[in-house]
Q: 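Let me begin by handing over the structure; questions about it come next.
Remember, it's a predicted structure, so these values are computed and weren't measured experimentally.
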Amino acid sequence: MRDSRGAEFDEFVRTRSGALLRVAYLLTGDRHAAEDLLQEVLEQMYVRWRRVQASPEAYARRALINRSINRWRRRRRRPEQTLDDHDVVTRDHADDIALRRAVVAALRDLPARQRAAVVLRYLEDLPTADVAAALGCSEGTVKSHTSRGLARLRTALAGPGLVMSTIERESLR
């Protein structure tokens, strides 16, 4: 019994961890925080695998969203301290890297539920019903969060000279 659970879980991790890491990265905006977040969720899933195995991807997405929101709340109570005296953003000469940084920074500024709705709807290409299930809300609420999130992204990305059509053309990679 334990061997089958381990094998099924290993197969899930092998096939879906890349996509789940991308979701975690877009929710957190930091590669290391995303890896930690995904690791916590996978540990939680392994313990509950018997109950989760019917729809592990939906469970994983929901757990990623919940944990990222909880981390965001904790961070709001106790702001992070940087090691440097100042934050210096180094510019890369490649336009696509600069565009990605701008998008990730703009995503980071969105409220957690708007960010989750935009990430799941447009970057994971999930239907509204699946996003609503992952967020635990109605489809109308998902549409509202998505609309408001996209409006804020357009405003944020128009400031640094980026055009939203470029973002849409690049599908918010």
Side-chain angles (χ1 to χ4, degrees), residues 1-78 80 82-83 92 94 96-97 99-139 141-143 145-146 149-150 153 167-168 170-173:
M1 175 97 79
R2 183 173 167 90
D3 292 334
S4 67
R5 175 177 76 169
E8 291 171 0
F9 180 75
D10 287 347
E11 181 63 25
F12 171 75
V13 171
R14 200 172 11 266
T15 59
R16 299 306 304 154
S17 63
L20 292 173
L21 180 60
R22 184 177 68 178
V23 171
Y25 174 75
L26 292 169
L27 290 171
T28 62
D30 178 61
R31 172 83 179 185
H32 300 292
E35 290 172 350
D36 291 344
L37 179 66
L38 180 59
Q39 182 65 34
E40 290 171 12
V41 168
L42 290 175
E43 288 172 3
Q44 174 184 343
M45 287 181 68
Y46 182 76
V47 172
R48 295 178 174 93
W49 184 250
R50 225 179 266 159
R51 287 180 280 167
V52 171
Q53 72 186 36
S55 58
E57 181 125 10
Y59 182 91
R61 273 192 243 108
R62 178 69 182 178
L64 284 170
I65 291 166
N66 288 341
R67 289 212 177 222
S68 71
I69 289 171
N70 288 343
R71 284 178 168 211
W72 178 77
R73 286 178 182 152
R74 277 189 302 239
R75 192 175 32 204
R76 295 281 292 204
R77 288 187 204 125
R78 187 188 62 205
E80 291 182 0
T82 61
L83 296 176
D92 195 355
D96 57 337
I97 293 174
L99 179 61
R100 286 182 189 149
R101 284 184 180 172
V103 170
V104 168
L107 279 170
R108 217 178 292 137
D109 290 339
L110 291 177
R113 293 187 63 83
Q114 285 180 11
R115 180 175 49 236
V118 169
V119 166
L120 293 177
R121 181 73 180 97
Y122 292 102
L123 300 172
E124 281 299 300
D125 201 26
L126 292 177
T128 306
D130 290 352
V131 176
L135 292 175
C137 62
S138 70
E139 290 186 36
T141 304
V142 169
K143 292 176 184 177
H145 283 317
T146 303
L150 288 175
L153 284 174
I167 302 299
E168 291 167 349
E170 292 290 326
S171 300
L172 291 170
R173 284 191 193 178

Q: Between Val52 and Tyr46, is there a side-chain heavy-atom distance shorter than 4.5 Å?
A: no
Q: Do side-chain atoms of Arg62 reach the backbone of Leu135 as a donor and acceptor pair under 3.5 angstrom?
A: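 Confirmed, Arg62 side chain pairs with Leu135 backbone.
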Q: Decide yes or no for Ser138 and Lys143: does some side-chain heavy atom of the first lie under 4.5 Å from some side-chain heavy atom of the second?
A: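 They are not in side-chain contact.
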Q: Would you give the length of the straight line joining atom CD of Glu57 to atom CG of Leu20, rounded to the nearest 0.5 angstrom?
A: 5.5 Å
Q: Is Arg121 reaching over with its side chain to a backbone N or O of Leu126, donor-acceptor style, under 3.5 angstrom?
A: yes
Q: Look only at the side chain of Arg115 and the backbone of Leu110, and say whether a donor-acceptor pair between them is shorter than 3.5 Å.
A: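 Answer holds: yes.
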Q: For a 4.5 angstrom cut-off between non-hydrogen side-chain atoms, does Leu21 reach Arg31?
A: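 Answer yes - side chains close enough.
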Q: Donor-acceptor check, side chain of Thr141 to backbone of Cys137, threshold 3.5 angstrom: yes or no?
A: no
Q: Show the nearest heavy-atom pair for residues Ile69 and Ala112, with the distance to one decimal.
A: CG1-CB, 3.5 Å
Q: Taking only residues two or more places apart in sequence or in another chain, which ones pass salt bridge (charged side-chain N to carboxylate O under 4.0 Å, His left out) with Arg51?
A: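 Residues passing salt bridge (charged side-chain N to carboxylate O under 4.0 Å, His left out) with Arg51: none at all.
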Q: Let me confirm one number: the CD-CE distance from Glu40 to Met45, rounded to the nearest 0.5 Å.
A: 14.0 Å
Q: Could you pull out the closest heavy-atom pair between Ala24 and Leu64, with the gap in Å?
A: CB-CD2, 4.0 Å
Q: Side-chain contact test, heavy atoms from C-beta onward, threshold under 4.5 Å: evaluate it for Tyr59 versus Val41 and give yes or no.
A: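 The answer is no; the side chains never approach within 4.5 Å.
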Q: For the side chain of Arg67 and the backbone of Leu37, is there at least one donor-acceptor N/O pair under 3.5 Å apart?
A: no
Q: Specify the closest pair of heavy atoms between Leu150 and Val118, including all atoms of both residues, with the distance to one decimal.
A: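 Leu150 and Val118 have their closest heavy atoms at N-CG2, 4.2 Å.
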Q: Please name the pair of heavy atoms, one in His145 and one in Gln114, separated by the smallest distance, quoted to 0.1 Å.
A: O-CG, 3.6 Å
Q: Indicate the atoms forming the closest heavy-atom contact of Val104 with Gly29, along with that distance.
A: CG1-CA, 3.7 Å
Q: Can you find a heavy atom in the side chain of Leu123 that is under 4.5 Å from one in the side chain of Arg22?
A: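 In short, these two side chains do not touch, never coming nearer than 4.5 Å.
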Q: Between Glu124 and Ala19, which heavy-atom pair has the shortest distance, and what is it?
A: OE2-O, 3.9 Å
Q: Would Leu38 and Tyr25 satisfy side-chain contact (heavy atoms from CB on, under 4.5 Å), going step by step from the backbone distance to the final call?
A: CA-CA 9 Å; Leu38 180 59; Tyr25 174 75; over 6 Å; no
Q: Got a second to check how far Gln44's CD is from Asn66's CG, nearest 0.5 Å?
A: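 Interatomic distance, Gln44 CD to Asn66 CG, rounded to 0.5 Å: 8.5 Å.
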Q: List for me each residue that meets ring-ring contact (aromatic ring centres under 6.0 Å, His included) alongside Phe12, sequence neighbours excluded, and say none if there are none.
A: Trp49
Q: Less than 4.5 Å apart, any side-chain heavy atom of Asp130 and any of Leu120?
A: no
Q: Using 0.5 Å steps for rounding, measure from the CG atom of Leu27 to the CG atom of Leu107.
A: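 Rounded to the nearest 0.5 Å, the CG-CG separation comes out at 9.0 Å.
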